[in-house]
**Q** 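Got a structure here, written out as structure tokens. Questions coming.
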Amino acid sequence: MYQLETNAVHAGYQPEATTHSNVPPLYMTTAYSFDNVEHARKLFALEEGGNIYTRLQNPTTDLLEARVSALEGGIGALALASGHAAIVHTLLTIAREGDEIISANTIYGGAINLLGKTFKRMGITVHFASTDDPETFRALINDKTRAIFVEAIGNPTANVCDLEAIADIAHENGLPFIVDNTFATPALLRPFEHGADLIIHSSTKYLSGNGTAMGGLVVDSGKFVWKGNPRFAEMNAPDPSYHGVVFADLGEQAFLVKARALTLRDLGSCQSPFNAWVTMLGMETLALRMERHSENALKVAEFLESHPAVERVDYPGLPSSRYYPLSQKYLKKGASAVFTFEIKGGREAGARFCDSLKLLRIVANLGDSRSMVSHPATTTHSQLSDEQLIAAGISATTIRLSIGIEHIDDILADIKQALDASQK
Ligand SMILES: *Cc1c(COP(=O)(O)O)cnc(C)c1O
């Protein structure tokens with residue numbers, strides 16, 4: 001068993017027999033040739049394992065899945081085209097029309113839309129609760145509930161979730177606890193060690209790390225017991241679209257096999273092998289980057305807190321943060337690098353600050369090696385109602401930073417000159 005840093009470089013790959021390629025090859029192929037008709041028949045009948053078609057599996061994508069699973073300490077993973085696709089494929093493997101899901105209200109703005117509006121149109125009701133008060137999750141559970149979904153570090157105000165408290169509530173009620181670990185990554189936090197059953201990633205962010213490749217994954221701990229759970233009748237009945245298999249009978253593989261063989265087969269948001277390959281390259285430096293991201297972010301947060309133009313800084317690694325005790329428990333290695341602050345001088349000062357930055361660019365992304373700034377109320381969270389904005393901790397003067405891995409002196413100098421300019 002290797003440590004995370006070693007797994008990030010090696011997990012799942014031995015130089016392959018034909019070419020001895022030292023770096024994992026990129027299998028940019030949509031399909032695989034069968035030896036003969038009988039071989040093809042066996043693969044389709046599930047009598048034999050093997051590659052059929054890249055929507056379902058690809059050796060490069062398989063390796064990304066194995067690697068992210070190793071980093072999180074799971075039994076396997078499924079890669080999807082984006083973080084959003086990972087959320088959709090995960091929840092639609094678990095829930096159907098008429099079912100309900102309980103989600104944290106402090107999640108990625110796009111995910112609030114997806115769950116609150118598009119899922120609703122499909123007949124799946126999503127209730128929103130506050131991770132600041134785990135009991136609000138318990139209060140929303142009923143017979144139709146199928147899962148609890150949170151982000152380990154919320155978006156965009158970096159509220160740290162008390163994972164163990166919410167995991168207990170989920171498990172007391174026979175529900176899987178799904179944790180989006182995009183902000184922390186396994187380099188800073190391993191949610192399976194705190195009760196998560198499934199982990200979701202937008203690998204678009206820190207996992208790939210360079211802002212190059214869209215991607216998402218769901219990782220399974222293998223610990224949730226689907227067999228015999230009355231909430232999951234469909235998992236426990238023969239599936240007519242898949243050889244009459246009872247997915248729950250597959251034990252710890254139940255979720256991943258259903259997610260791939262049924263949800264991904266039919267909804268189709270597979271990850272491109274090229275993106276999987278690029279993501280793996282980025283992931284080799286994950287631990288180094290997260291250490292530097294967190295170190296730089298803490299220094300920026302401390303600087304902002306001491307600056308007269310700043311009203312408030314919400315960074316969980318600051319002792320002044322209400323999430324400091326939770327970050328001491330869950331984020332001992334660092335509190336990642338996405339957080340918000342409130343600038344003095346209203347919306348105009350906020351705009352002047354963003355427009356005065358030279359090194360930091362205004363970008364609708366995060367978790368890139370480049371430092372970036374954004375204004376959530378007019379971009380990532382612009383579809384939210386005023387009430388949802390308040391619940392998410394966002395106002396017109398909220399500025400979000402995603403601190404990169406550049407030299408800290410250059411980052412601080414840029415932020416300082418822009419803060420000064422903002423107050424003129
Ligand atoms: C960006 C993001 C998503 C969505 O991922 P995409 O790759 O953009 O589809 C989901 N969750 C979190 C926490 C994110 O930051």
Side-chain angles (χ1 to χ4, degrees), residues 61 64 68 72 77-92 101 103-119 126 128 131 147 149-161 163 178-189 191 196 198-219 264 267-272 274-276 278-279 282-283 290 293 297 316 331 335-340 363-368 372 374 376 379-384 392-394 400-404:
T61 316
L64 172 71
V68 175
E72 288 287 14
L78 180 68
L80 287 312
S82 67
H84 253 188
I87 295 173
V88 170
H89 283 66
T90 298
L91 294 180
L92 292 186
I101 288 158
S103 165
N105 57 9
T106 45
I107 56 174
Y108 174 62
I112 292 185
N113 247 342
L114 165 66
L115 300 181
K117 301 217 174 72
T118 298
F119 267 58
V126 180
F128 292 94
T131 56
F149 174 67
V150 302
E151 290 179 1
I153 304 178
N155 198 334
T157 57
N159 51 306
V160 182
C161 176
L163 296 177
I178 307 171
V179 176
D180 184 326
N181 197 29
T182 299
F183 276 28
T185 83
L188 301 178
L189 170 66
L198 296 167
I199 294 173
I200 288 189
H201 278 287
S202 165
S203 59
T204 310
K205 319 288 172 51
Y206 289 113
L207 289 188
S208 64
N210 306 305
T212 47
M214 296 296 298
L217 293 107
V218 52
V219 193
L264 178 58
L267 298 188
S269 307
C270 62
Q271 185 168 132
S272 155
F274 181 69
N275 284 26
V278 169
T279 299
M283 269 169 45
M290 293 316 290
H293 275 296
L331 299 164
S336 195
V338 181
F339 64 98
T340 57
V363 181
N365 191 23
L366 58 91
D368 190 312
M372 302 178 300
S374 77
T379 56
T380 50
H381 291 67
S382 60
Q383 305 299 325
L384 270 57
I394 298 161
R400 188 186 78 186
L401 296 173
S402 173
I403 299 299

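Start at 1 and go down the list; that is how both ligands and their atoms are numbered.
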**Q** How far is atom 8 (O) of ligand 1 from its nearest protein heavy atom, and which residue and atom is that?
**A**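 For atom 8 (O) of ligand 1, the nearest protein heavy atom comes out as M214 CE, 3.8 Å.
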**Q** Have a look at S202, G109, A111 and point out the one with the heavy atom closest to atom 5 (O) of ligand 1.
**A** S202
**Q** Are any non-hydrogen side-chain atoms of T182 and N155 less than 4.5 angstrom apart?
**A**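 No, every pair of side-chain atoms sits at 4.5 Å or beyond.
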**Q** Using only atom types and a distance under 3.5 Å, with no angle test, would you say the side chain of S402 pairs donor to acceptor with the backbone of G367?
**A**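 Side chain of S402 to backbone of G367, a donor-acceptor pair under 3.5 Å: yes, one is there.
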**Q** Are I107 and D180 close enough that some pair of their side-chain heavy atoms sits under 4.5 Å apart?
**A**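 No - every pair of side-chain heavy atoms lies 4.5 Å or more apart.
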**Q** Do the side chains of V338 and Y206 get nearer than 4.5 Å, heavy atoms only?
**A**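 Yes. Closest side-chain heavy atoms under 4.5 Å.
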**Q** Checking a contact table here: which protein heavy atom is nearest atom 2 (C) of ligand 1, and how many Å away?
**A** K205 NZ, 2.5 Å
**Q** At less than 4.0 angstrom from any non-hydrogen atom of H84, what atoms of ligand 1 do you find?
**A** 4 (C), 5 (O), 6 (P), 9 (O)
**Q** Looking only at protein heavy atoms, which one is nearest to atom 10 (C) of ligand 1, and what is the separation?
**A**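 Ranked first by proximity to atom 10 (C) of ligand 1 is D180 OD2, 3.6 Å.
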**Q** Under 3.5 Å, is there a donor-acceptor pair between the side chain of Q271 and the main chain of G215?
**A**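 Judged by distance alone, no pair lies under 3.5 Å.
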**Q** Where is the nearest protein heavy atom to atom 6 (P) of ligand 1: which residue, which atom, and how far?
**A** G83 N, 3.3 Å
**Q** Can you sort out which atoms of ligand 1 are near T182, meaning under 4.0 Å from one of its heavy atoms?
**A**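 Answer, ordered by atom number: 12 (C), 13 (C), 15 (O).
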**Q** Mind checking whether F183 has an N or O less than 3.5 Å away from an N or O of ligand 1?
**A** no
**Q** Is the closest side-chain heavy-atom distance between T106 and E151 below 4.5 Å?
**A** no
**Q** Please report the shortest heavy-atom distance between F128 and A104, naming the atom on each side.
**A**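 Smallest heavy-atom distance, with atoms named: CD2-O, 3.5 Å.
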**Q** List ligand 1 atoms under 4.0 Å from N155, heavy atoms only on the residue side.
**A**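 Taking each heavy atom of N155 in turn, ligand 1 has 15 (O) under 4.0 Å.
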